[in-house]
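Contents: one structure, followed by commentary.
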Amino acid sequence: MVRPESHTHRTGMNFSAADHAHMARALQLAALGLFTTDPNPRVGCVIVKNGVVVGEGWHQRAGTPHAEVHALRQAGQAARGGTVYVTLEPCSHHGRTPPCAEALIGAGVARVVAAMRDPNPLVAGGGIDMLTLAGIETRVGLMETEARALNPGFISRMTRHRPWVRLKTASTLDGKTALNNGVSQWITHDAARADTQRLRARAGAILTGIGTVRADNPKMTVRDFDIGRQPLRVIADSALATAPTAAILPALVACHTADPARRAALEAAGAEVVELPADDGRVDLAALLALLAQRGVNEVHVEAGAGLNGALLEAGLIDEWVAYIAPVAVGNAARGLFAASPLTTLADATRFRLADVRQLGADLRLTLLPL
C-alpha cells in the first residue's frame, strides 16, 4: 500500500552529515548481531539529544529485547525530545517482545530516522504510521543500501518466501575443486578457510549434497566462532543414501522418496527425513528452500560438489557466489565446479557481476551476484 507523504513522515534524501554519521554508527552496532539474531534481522539503534549520543543498542538474539529497547534503557530520561537512528523500521506488532514503536512513543522521542522499512508483512510501514500518528517526525531511507546488505536473508524470506542462498566454492585457478581421484585438501590456504567459517557462522543452515557427504564425511559445523548455536545441517540426498554413521548427523535429509528401512535407520541416528520429490527424480530444491524459510532460516550457506552446485545454478537459486581461488593449476582431468547441462550458445550462460574482489593470504576471494 502506498502511503501519502506528510510533513511528519518523509522518505528520501536531504539528510545531514550528522544524520549520516549516527546512522553509520547504528549500522556498526547492527553488525554485532551478524551471527546471533536469526530468525530476526540484525538491527542497531543510536539515540541522540542536542548533538550528543545518549543511548546505543543492538539486537543480540531472538527473544531478547530489540535494539531500540537497549538504546532507550541506556538513554533513560535523556531520550525525551531526542532523535532515534535505527537501521530498520521499529516494529509495531506483539511478538516475543512488545512493539518498539510503542516504546519510542512512551519515551517521548521527537524524531525517528529509519534506514529502511521492515519487509515483514506484520510491520510493513505500521511502525512508521504508529510513530507519525503520535506526532513524531519520521524519516525513512538514510543509508538504505547498507542496511539492506546487512539482512539479505531476512528480506528474502519476507518478500520471496525463501532464504538467501550463498554458494561457497574453493577452486584452482583453472576452475577445479579436486583432483580426478577426489583429493581436495587443501586447494586454498588458511585465510580462505578461516573466512569460510565466518560465512558458516552467519548462516541459519548449511546445505550440502550426498556426494560431498560420501566423499569427505564432513561435519559442516562452525568451529572458529562461539555463537551459541550451530546452523542446521541439510543434505540433498535423492536416493536417501546417507549413512547413519555420517559425521554430519544430526541433520535434515531431503530425499525424493524415502525407503522405510533407510529412513528408520537415519531417524534413529538423529536425522529428520523429508520427501521433496521433483519430476526428474531428484530433490525439489525450490521446495526445500521454501521449507527452510518456513522454519525461520534467513541465509543458506552451500558447500557442495559439482552436482548440487550445478542443480542450483540451473534452477536459478543462487543469490550470491563466494569463490575462493588458489593460484594453482591442476589440469583438465580434475573435477570442476558445476555439473550442468551443456550449452549451445554463450547467450544461455549464467552471468554474474563482481560485487567484491580481495586477496586473502595467498588466495583470491570473489563475491559475485547474478545479473
- May I ask you to decide if G126's main-chain N or O and E89's side chain share a donor-acceptor pair within less than 3.5 Å? yes
- Please identify each residue that fulfils salt bridge (charged side-chain N to carboxylate O under 4.0 Å, His left out) with D259, with sequence neighbours left out. none
- Residues which pass salt bridge (charged side-chain N to carboxylate O under 4.0 Å, His left out) with D284, listed by chain and number, not counting sequence neighbours: none
- Would you name the heavy atoms of A362 and P327 that are closest together and state the gap between them? O-CD, 3.3 Å
- Of I187, L360, T169, the one forming a side chain to side chain contact (heavy atoms under 4.5 Å, CB included) with Y324 is L360
- Message: Same cluster or not: L366 versus L337, using hydrophobic residues (I, L, V, M, F, W, Y) connected whenever any side-chain heavy atoms lie under 4.5 Å apart?
- Response: yes
- Query: Between A71 and G57, what is the shortest heavy-atom contact and its length?
  - Reply: CB-N, 3.8 Å
- Task: State which residues pass salt bridge (charged side-chain N to carboxylate O under 4.0 Å, His left out) with E303; sequence neighbours excluded, sorted by chain then number.
- Result: K168, R200
- Task: Name all residues meeting the salt bridge (charged side-chain N to carboxylate O under 4.0 Å, His left out) criterion together with E299; count only those two or more places apart in sequence or in a different chain, and write none if there are none.
- Result: R42, R166, R202
- Message: Using side-chain heavy atoms (C-beta onward) and a distance below 4.5 Å, is L308 in contact with L285?
- Response: yes
- Check: Q28 and E56 side chains under 4.5 Å, non-hydrogen atoms: no
- Message: Looking at D237 and A241, would you say the former's side chain and the latter's main chain have a donor-acceptor pair under 3.5 Å?
- Response: yes
- Establish whether L364 and V322 are linked, either directly or via other cluster members, by ILVMFWY side-chain heavy-atom contacts under 4.5 Å. no
- Query: Are W164 and L312 grouped together when hydrophobic residues (ILVMFWY) are joined by side-chain heavy atoms under 4.5 angstrom apart?
  - Reply: no
- Task: Nearest 0.5 Å please: distance from the OG1 atom of T177 over to the CZ atom of R335.
- Result: 7.5 Å
- Note on the structure: Rounded to the nearest 0.5 Å, the CG atom of L29 sits from the CD atom of Q60 at a distance of 10.5 Å
- Salt bridge between D174 and K176, side-chain N to carboxylate O under 4.0 Å? no
- Task: Could you tell me the separation between the CZ atom of F154 and the CG atom of L88, rounded to the nearest 0.5 Å?
- Result: 6.5 Å
- Only pairs at least two apart or in different chains count here, so list each salt bridge (charged side-chain N to carboxylate O under 4.0 Å, His left out) that has a residue in residues 146-164. E144-R148, R160-D319, R162-D319
- Message: With salt bridge (charged side-chain N to carboxylate O under 4.0 Å, His left out) as the rule and sequence neighbours excluded, what pairs involving residues 43-55 come up?
- Response: none
- Any idea how H66 and H59 line up, ring-wise: parallel (<30°), tilted (30 to 60°), or perpendicular (>60°)? perpendicular
- Taking ILVMFWY side chains as joined if any heavy atoms are under 4.5 angstrom apart, and letting links pass through other members, which residues group with L34? F35, V222, F225, I227
- Query: Are any of the side-chain heavy atoms of L252 and L292 separated by less than 4.5 Å?
  - Reply: yes
- Message: Could you check whether any side-chain heavy atom of L173 comes within less than 4.5 Å of a side-chain heavy atom of I325, counting everything from C-beta outward?
- Response: yes
- Are any side-chain N or O atoms of D118 and backbone N or O atoms of N120, one a donor and one an acceptor, separated by less than 3.5 Å? yes
- Task: Indicate yes or no for a side-chain donor-acceptor contact from D280 to the backbone of R282 under 3.5 Å, with no hydrogens or angles considered.
- Result: yes
- Task: Mind listing the closest non-hydrogen atom pair of M23 and V86 along with its distance?
- Result: CE-O, 3.5 Å
- Message: Whether the side chain of S238 engages the backbone of H256 through a donor-acceptor N/O pair (distance < 3.5 Å, no angle test) should be reported.
- Response: no
- Applying the 4.5 Å side-chain criterion to the ILVMFWY set and letting contacts propagate, would V165 and L291 be lumped into a single cluster? yes
- Give, for atom CD1 of I47 and atom CD of Q74, the distance between the pair rounded to the nearest 0.5 Å. 8.5 Å
- Which pair of non-hydrogen atoms, one from G209 and one from A304, has the smallest distance, and what is that distance? N-CB, 4.1 Å
- Which ILVMFWY residues are connected to V273, directly or by a chain of links, through side-chain heavy atoms under 4.5 Å apart? I206, I210, V213, M220, I235, L240, I248, L249, V253, L266
- Message: Looking at A258, is its backbone amide N or carbonyl O close enough to the side chain of E275 to form a donor-acceptor pair, meaning the two atoms are under 3.5 Å apart?
- Response: yes
- Quick one: CD on E137 to OG1 on T83, what's the gap to the nearest 0.5 Å? 7.5 Å
- C100 pairs by side chain to side chain contact (heavy atoms under 4.5 Å, CB included) with which of P90, S92, P65? P90
- Item | Nearest heavy-atom neighbours spanning L317 and A286 | CD1-N, 3.9 Å
- Message: Strictly by ring pair (Phe, Tyr, Trp, His ring centres under 6.0 Å), give each pair with a member in residues 102-136 just once, sequence neighbours left out.
- Response: none
- Message: With clusters defined by side-chain heavy atoms of hydrophobic residues (ILVMFWY) lying less than 4.5 Å apart, directly or transitively, does L142 cluster with W58?
- Response: yes
Hey, can you pull the donor-acceptor pairs under 3.5 Å for the side chains in residues 346-359, sequence neighbours left out?
{"from": "R351", "atom 1": "NH2", "to": "L346", "atom 2": "O", "distance (Å)": "3.2"}
{"from": "D356", "atom 1": "OD1", "to": "R358", "atom 2": "NH2", "distance (Å)": "2.9"}
{"from": "D356", "atom 1": "OD2", "to": "R358", "atom 2": "NE", "distance (Å)": "2.8"}
{"from": "D356", "atom 1": "OD2", "to": "R365", "atom 2": "NH2", "distance (Å)": "3.3"}
{"from": "Q359", "atom 1": "NE2", "to": "G361", "atom 2": "O", "distance (Å)": "2.9"}

- Write out all pairs satisfying side chain to side chain donor-acceptor pair (under 3.5 Å) with one or both partners inside residues 217-231, taking only residues at least two apart or from two chains. none
- Query: Could you state the interatomic distance from SG (C45) to NE2 (H22), rounded to the nearest 0.5 Å?
  - Reply: 12.0 Å
- Is any side-chain heavy atom of T87 less than 4.5 Å from a side-chain heavy atom of M116? no
- Message: Taking the side chain as everything from C-beta on, heavy atoms only, tell me whether V140 gets closer than 4.5 Å to R117.
- Response: yes
- Query: Is a donor on one side and an acceptor on the other found under 3.5 Å between the side chain of S156 and the backbone of P152?
  - Reply: no
- Note on the structure: For L207 and A236 the tightest heavy-atom approach is CD1-N, 4.1 Å
- Query: Will you find, in the side chains of D363 and T188, an N or O donor that is under 3.5 Å from an N or O acceptor?
  - Reply: no
- Note on the structure: By side chain to side chain donor-acceptor pair (under 3.5 Å), S16 pairs with (sequence neighbours left out) D19
